[in-house]
Amino acid sequence: MSRWYIIHAYSGFENKVKDQILADAKRMGLTQLVESVEVPTEKITEIRRGKKVTSDRKFFPGYVLAKLALNDDVYHLVKNTPKVTGFLGPNGKPQAISEAEAARILSTREEAASAAPKQKVKVDYEIGDNVKVLDGPFASFNGIVEELDFDRSRVKVSVSIFGRATPVELEFEQVERVK
């Protein structure tokens, strides 16, 4: 019977560990015992140099989820995989997690993919920072960030027009922080 286990790997090598476990299972004829190997990630959108960039971010760095029918062969397959430090559990002994816990971890990733408008957006400026407007009718104006609306991907900037501070609402990618 297959159960979910958490494998501890070197941070940054999670995908290589996943690929290596699957390749070794195929090579050793253990594919029926290694049902699934997953790296929990989520999609985030960042604003870099005024452009939206979507990327995957691991939300459990250093950990890989695997659905395994654990026996001695599978245990040694995983333990002898390069960049694997062991299983999560007491004294390094594999401790299975519940199906519900695994579903919660993996569904977080699927929910993030299905709810694209609710993706996390990361900007390199915050309230009170000086920013420069990159395009639109206020291009080349400088201002101060007053509000950030992550739900609508909008920023409210106070720009000086004819000597008076005027609030202007723009999209995240229309402004960049003045360095």
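Because the structure is a prediction, the values reported are computed rather than measured.
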Q: With side chains defined as the heavy atoms from C-beta onward, is the minimum distance between Thr41 and Phe60 less than 4.5 Å?
A: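 In short, these two side chains do not touch, never coming nearer than 4.5 Å.
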
Q: Quick one: does Asp129's side chain have a donor or acceptor within less than 3.5 Å of a partner on Tyr125's backbone?
A: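 Side chain of Asp129 to backbone of Tyr125, a donor-acceptor pair under 3.5 Å: no, none is there.
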
Q: Which heavy-atom pair separates Asp135 from Gln174 by the least distance, and what is that distance?
A: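 Looking at all heavy atoms of both residues, the shortest contact is OD1-CG, 3.0 Å.
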
Q: Would you indicate whether the side-chain heavy atoms of Val175 and Val157 approach each other to under 4.5 Å?
A: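 The answer is yes, as the side chains (C-beta and beyond) meet within the 4.5 Å cut-off.
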
Q: Would a distance-only check, ignoring hydrogens and angles, find a side-chain to backbone donor-acceptor pair under 3.5 Å from Glu14 to Gly62?
A: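 Yes, because the side chain of Glu14 sits within donor-acceptor range (under 3.5 Å) of the backbone of Gly62.
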
Q: For the side chain of Asn91 and the backbone of Lys93, is there at least one donor-acceptor N/O pair under 3.5 Å apart?
A: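 No; judged by distance alone, with no hydrogens or angles, the pair does not exist.
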
Q: Does the pair Ile44 and Ser55 meet the rule for a side-chain contact (heavy atoms from CB on, under 4.5 Å), with working shown?
A: CA-CA 6 Å; Ile44 61 166; Ser55 60; 3.8 Å; yes

Q: Between Thr81 and Gln20, is there a side-chain donor-acceptor contact under 3.5 Å, judged purely by atom types and distance?
A: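 No pair is found: no donor N or O on one side chain lies under 3.5 Å from an acceptor on the other.
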
Q: Measuring only between side-chain heavy atoms, which start at C-beta, is Pro94 closer than 4.5 Å to Leu70?
A: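 Pro94 reaches Leu70 side chain to side chain.
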
Q: When clusters are formed by joining ILVMFWY residues with side-chain heavy atoms under 4.5 Å apart, either directly or through shared neighbours, do Val178 and Phe138 land in the same one?
A: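 Val178 and Phe138: separate clusters.
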
Q: Both conditions, 6.0 Å and 45 degrees, for the charged tip of Lys83 above the ring of Tyr10: are they met here?
A: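 Negative - Lys83 is either too far from the ring of Tyr10 or too far off its axis.
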
Q: Tell me whether the rings of Phe87 and Tyr75 are parallel (<30°), tilted (30 to 60°) or perpendicular (>60°).
A: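 Correct class here is parallel.
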
Q: Are Leu30 and Ile7 linked, directly or through other ILVMFWY residues, by side chains that come within less than 4.5 angstrom of each other?
A: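 Cluster IDs for Leu30 and Ile7 match.
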
Q: With clusters defined by side-chain heavy atoms of hydrophobic residues (ILVMFWY) lying less than 4.5 Å apart, directly or transitively, does Val133 cluster with Phe162?
A: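 Yes.
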
Q: How close do Ala9 and Val64 get, counting heavy atoms only, and between which atoms?
A: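 The pair with the smallest heavy-atom distance is CB-CG2, 4.5 Å.
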
Q: Please evaluate residues Tyr63 and Leu88 with respect to the criterion side-chain contact (heavy atoms from CB on, under 4.5 Å), reporting the C-alpha separation (whole Å), side-chain torsions for both, the decisive distance (0.1 Å), and the verdict.
A: CA-CA 9 Å; Tyr63 294 100; Leu88 197 66; 3.9 Å; yes

Q: Ignoring hydrogens, what is the shortest heavy-atom contact between Val159 and Asn142? Give both atom names and the distance.
A: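 Minimum heavy-atom contact is CG1-O, 3.7 Å.
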
Q: Do you know the tightest heavy-atom contact between Arg177 and Val131?
A: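 Between these two residues, the closest heavy atoms are CA-CG1, 4.0 Å.
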
Q: State, yes or no, whether a side-chain contact exists between Phe141 and Val168 at a heavy-atom distance under 4.5 Å.
A: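 No, too far: nothing below the 4.5 Å cut-off.
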
Q: I'd like to know if the side chain of Thr31 reaches the main chain of Lys26, judged simply by a donor and an acceptor atom lying under 3.5 Å from each other, with no hydrogens or angles considered.
A: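 No, Thr31 side chain to Lys26 backbone: no donor-acceptor pair under 3.5 Å.
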
Q: Tell me, with the steps shown, if Leu65 and Leu106 meet side-chain contact (heavy atoms from CB on, under 4.5 Å).
A: CA-CA 9 Å; Leu65 265 66; Leu106 295 174; 4.2 Å; yes

Q: To check you understand the geometry: which heavy-atom pair defines the closest contact between Lys67 and Ser2, and what is its length?
A: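 In terms of heavy atoms, the two residues are closest at CG-CB, 3.8 Å.
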
Q: Run the numbers on Glu35 and Arg3 for salt bridge (charged side-chain N to carboxylate O under 4.0 Å, His left out), then give the verdict.
A: CA-CA 9 Å; Glu35 195 172 313; Arg3 298 191 59 194; over 6 Å; no

Q: With hydrophobic residues grouped by side-chain heavy-atom distances under 4.5 Å, do Leu22 and Val84 end up in a single group?
A: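 Leu22 clusters together with Val84.
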
Q: Show, in sequence, the C-alpha distance, side-chain angles and deciding distance for Trp4 and Glu99, and conclude whether the side chain to side chain donor-acceptor pair (under 3.5 Å) test is met.
A: CA-CA 7 Å; Trp4 284 100; Glu99 195 73 36; 3.2 Å; yes

Q: Any non-hydrogen side-chain atom of Lys58 less than 4.5 Å from a side-chain atom of Asn15?
A: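 With C-beta onward as the side chain, the pair touches.
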
Q: Taking side chain as C-beta onward, heavy atoms only, is Ser11 less than 4.5 Å from Pro61?
A: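 Touching, per the 4.5 Å side-chain cut-off.
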
Q: Does NZ belonging to Lys16 count more than 12 external heavy atoms closer than 6.0 Å?
A: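 It does not: Lys16 NZ has 12 such atoms or fewer within range.
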
Q: CD of Glu147 to OG of Ser158: how many Å apart, nearest 0.5 Å?
A: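 With rounding to 0.5 Å, CD (Glu147) is 11.0 Å from OG (Ser158).
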
Q: Do the side chains of Asn130 and Val145 get nearer than 4.5 Å, heavy atoms only?
A: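 They are not in contact (no side-chain heavy atoms under 4.5 Å apart), so the answer is no.
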
Q: Between Arg154 and Glu169, does a salt bridge (charged side-chain N to carboxylate O under 4.0 Å, His left out) hold up when you go through it step by step?
A: CA-CA 7 Å; Arg154 311 276 293 171; Glu169 195 168 293; 3.3 Å; yes

Q: Would you sort out whether Leu33 and Asp73 count as a side-chain contact (heavy atoms from CB on, under 4.5 Å), showing the intermediate values?
A: CA-CA 9 Å; Leu33 300 175; Asp73 292 335; 5.6 Å; no

Q: Is it possible for you to say whether Ile161 and Val155 belong to one hydrophobic cluster, with membership spreading through side-chain heavy-atom contacts below 4.5 Å?
A: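 Ile161 and Val155: one cluster.
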
Q: At their closest point, which heavy atom of Glu146 faces which heavy atom of Ile127, and how far apart are they?
A: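 Shortest heavy-atom contact: O-CG2, 3.7 Å.
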
Q: Count the heavy atoms belonging to other residues, nucleotides or ligands that lie under 6.0 Å from CG of Asp72, then report whether that count exceeds 12.
A: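 Result for CG/Asp72: open.
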
